[in-house]
Amino acid sequence: MSRSIGIFGGGTIATEIARAISDGTLSAELAAVYDRHPENVNRIQALFDQESAPDEADDPSALLEADLVLEAAGQTAVEQIAVDALSGGRDCMILSVGALADAALRKGVFEAARASEGRLYAPSGAIAGLDAVKTAALTGDLESVALTTTKPPAGLEGAPYVVDNEIDLADIDEPTVIFDGPATEAAAAFPSNINVAVALSLAGIGPDETAVRIVADPEEENNVHEITAEGGMGRIETTVRNVPSPTNPKTSYLAAISAIETLRGLETSIDIGT
Ligand SMILES: NC(=O)C1=CN([C@@H]2O[C@H](COP(=O)(O)OP(=O)(O)OC[C@H]3O[C@@H](n4cnc5c(N)ncnc54)[C@H](O)[C@@H]3O)[C@@H](O)[C@H]2O)C=CC1
Ligand SMILES: O=C([O-])CC(=O)C(=O)O
């Protein structure tokens, strides 16, 4: 029997995952979707015929009946659902990985995963190189990990850091570093932009030790993530020039298909890559 999935969030990433289920790319049953805007759930339901359409969950707790609870909503949704899902023996996949920059929440979620049969999944999302960074970290001599993310200014609008510091993105006429600090601070300052930094940090040397720079570039059309990591194994450099999703320019299309590929990996009998 195929795995049942309950999704918290009915936006850009959830829609791509639902489409992959409805067209057979992903062998799974989409059991339920929860979103504070019912029209987003209805849009996802319309991708299916009546028999296989997911239920609209009235409450996040209704998702806990599925085999795997997938968060694709925002950092507060991770707080709302991850520990309950894992404690109940469900698998849990989170996209808003930035939530785990909070040490207390991270401890709670990791302990819930370790104490239960449920497994926690955080896909690579919009970056490349987590496999190599994770492998290098195993030797204990990974010395530095840094991420530079360059986005068009429109993709950074509304971030708490931009609002609090009254950064006028429309005024930026050349590539400008608007944030430089550890992944821990980046996750709170740009909760919808830099989840990748926390995923990178958890694979590598930790959120306080991972350096993040965010660049606003009016000439850039893509969401560009450049990773450098150095240690005893040598130097890792990766760059991904991501196409932004048409329905949410903050989110790269690769992030959605990374989640789909991670889900496909749970079913596969041939596993290529670390
Ligand atoms: N790990 C990664 O590489 C990446 C992670 N992300 C993160 O994944 C998450 C989902 O991204 P998208 O699908 O592009 O976002 P989106 O904005 O297109 O969709 C989010 C949906 O969740 C709903 N929602 C948000 N908070 C909610 C709450 N507390 N209760 C009920 N409904 C809620 C919204 O109404 C919306 O329909 C975001 O947190 C985003 O920052 C995005 C890109 C890359
Ligand atoms: O999709 C991206 O390019 C990265 C992103 O928004 C995030 O990590 O939150």
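Note that the structure is a prediction, hence the values are computed from the model and not measured. Both counts, for ligands and for their atoms, begin at 1 and track the order of listing. For the single chain, residues carry numbers from 1 onward in sequence order.
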With sequence neighbours left out, what residues match [X] under side chain to side chain contact (heavy atoms under 4.5 Å, CB included)?
X      : result
Asp49  : Glu51, Ser52
Ser258 : Pro123, Ser124, Thr262
Tyr253 : Glu16, Ser245, Ile257

For [atom], which of the options [options] provides the nearest non-hydrogen atom?
atom                    : options              : answer
atom 31 (C) of ligand 1 : Glu79, Gln75, Arg36  : Arg36
atom 11 (O) of ligand 1 : Thr12, Ile81, Ile13  : Ile13
atom 22 (O) of ligand 1 : Asp35, Asn40, Thr251 : Asp35

Establish, from distance only, whether the side-chain atoms of Ser252 and Asn223 form a donor-acceptor pair under 3.5 Å.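 The criterion, which ignores hydrogens and geometry beyond distance, is satisfied for Asn223 and Ser252.
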Verify the distance criterion only: is there a donor paired with an acceptor across the side chains of Glu71 and Ser96 at less than 3.5 Å?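 There is such a pair between these side chains.
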Indicate yes or no: does an N/O atom of Ala126 lie under 3.5 Å from an N/O atom of ligand 1?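 Ala126 vs ligand 1: N/O contact under 3.5 Å present.
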For Asn248, is at least one N or O under 3.5 Å away from an N or O on ligand 1?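 For ligand 1, there is an N or O atom that lies under 3.5 Å from one belonging to Asn248.
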Need the ligand 1 atom indices (1-based, order shown) with element for anything under 4.0 Å from a heavy-atom of [X].
X      : value
Ser192 : 41 (O)
Thr76  : 29 (N)
Gly74  : 39 (O)

Should [X] and [Y] count as an ion pair when the cut-off is N to O under 4.0 Å?
X      : Y      : result
Arg3   : Glu267 : yes
Arg241 : Glu221 : no
Lys107 : Glu111 : yes

Ligand 1 versus Leu95: contacting region, heavy-atom distance under 4.0 Å: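 Within the 4.0 Å criterion, Leu95 contacts ligand 1 through backbone and side-chain atoms alike.
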Atom CD of residue position Glu39 - does it have more than 12 heavy atoms of other residues, nucleotides or ligands inside 6.0 Å?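 Correct, the count exceeds 12.
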Consider ligand 1: state whether an atom of it lies below 4.0 angstrom from any non-hydrogen atom of Gln80.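 So Gln80 counts as touching ligand 1.
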Any heavy atom of Ala77 sitting closer than 4.0 Å to ligand 1?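 Heavy atoms of Ala77 never come under 4.0 Å of ligand 1.
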Where Leu130 and Ala199 come nearest, the two heavy atoms and their spacing: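 Looking at all heavy atoms of both residues, the shortest contact is CD2-O, 4.0 Å.
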Tell me the residues surrounding ligand 2, counting only those with a heavy atom closer than 4.0 angstrom, sorted by chain and number.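 Shell around ligand 2 (4.0 Å, heavy atoms): Ala126, Lys151, Ser192, Asn193, Ile194, Asn195, Val196, Asn223, His225, Lys250, Thr251, Ser252.
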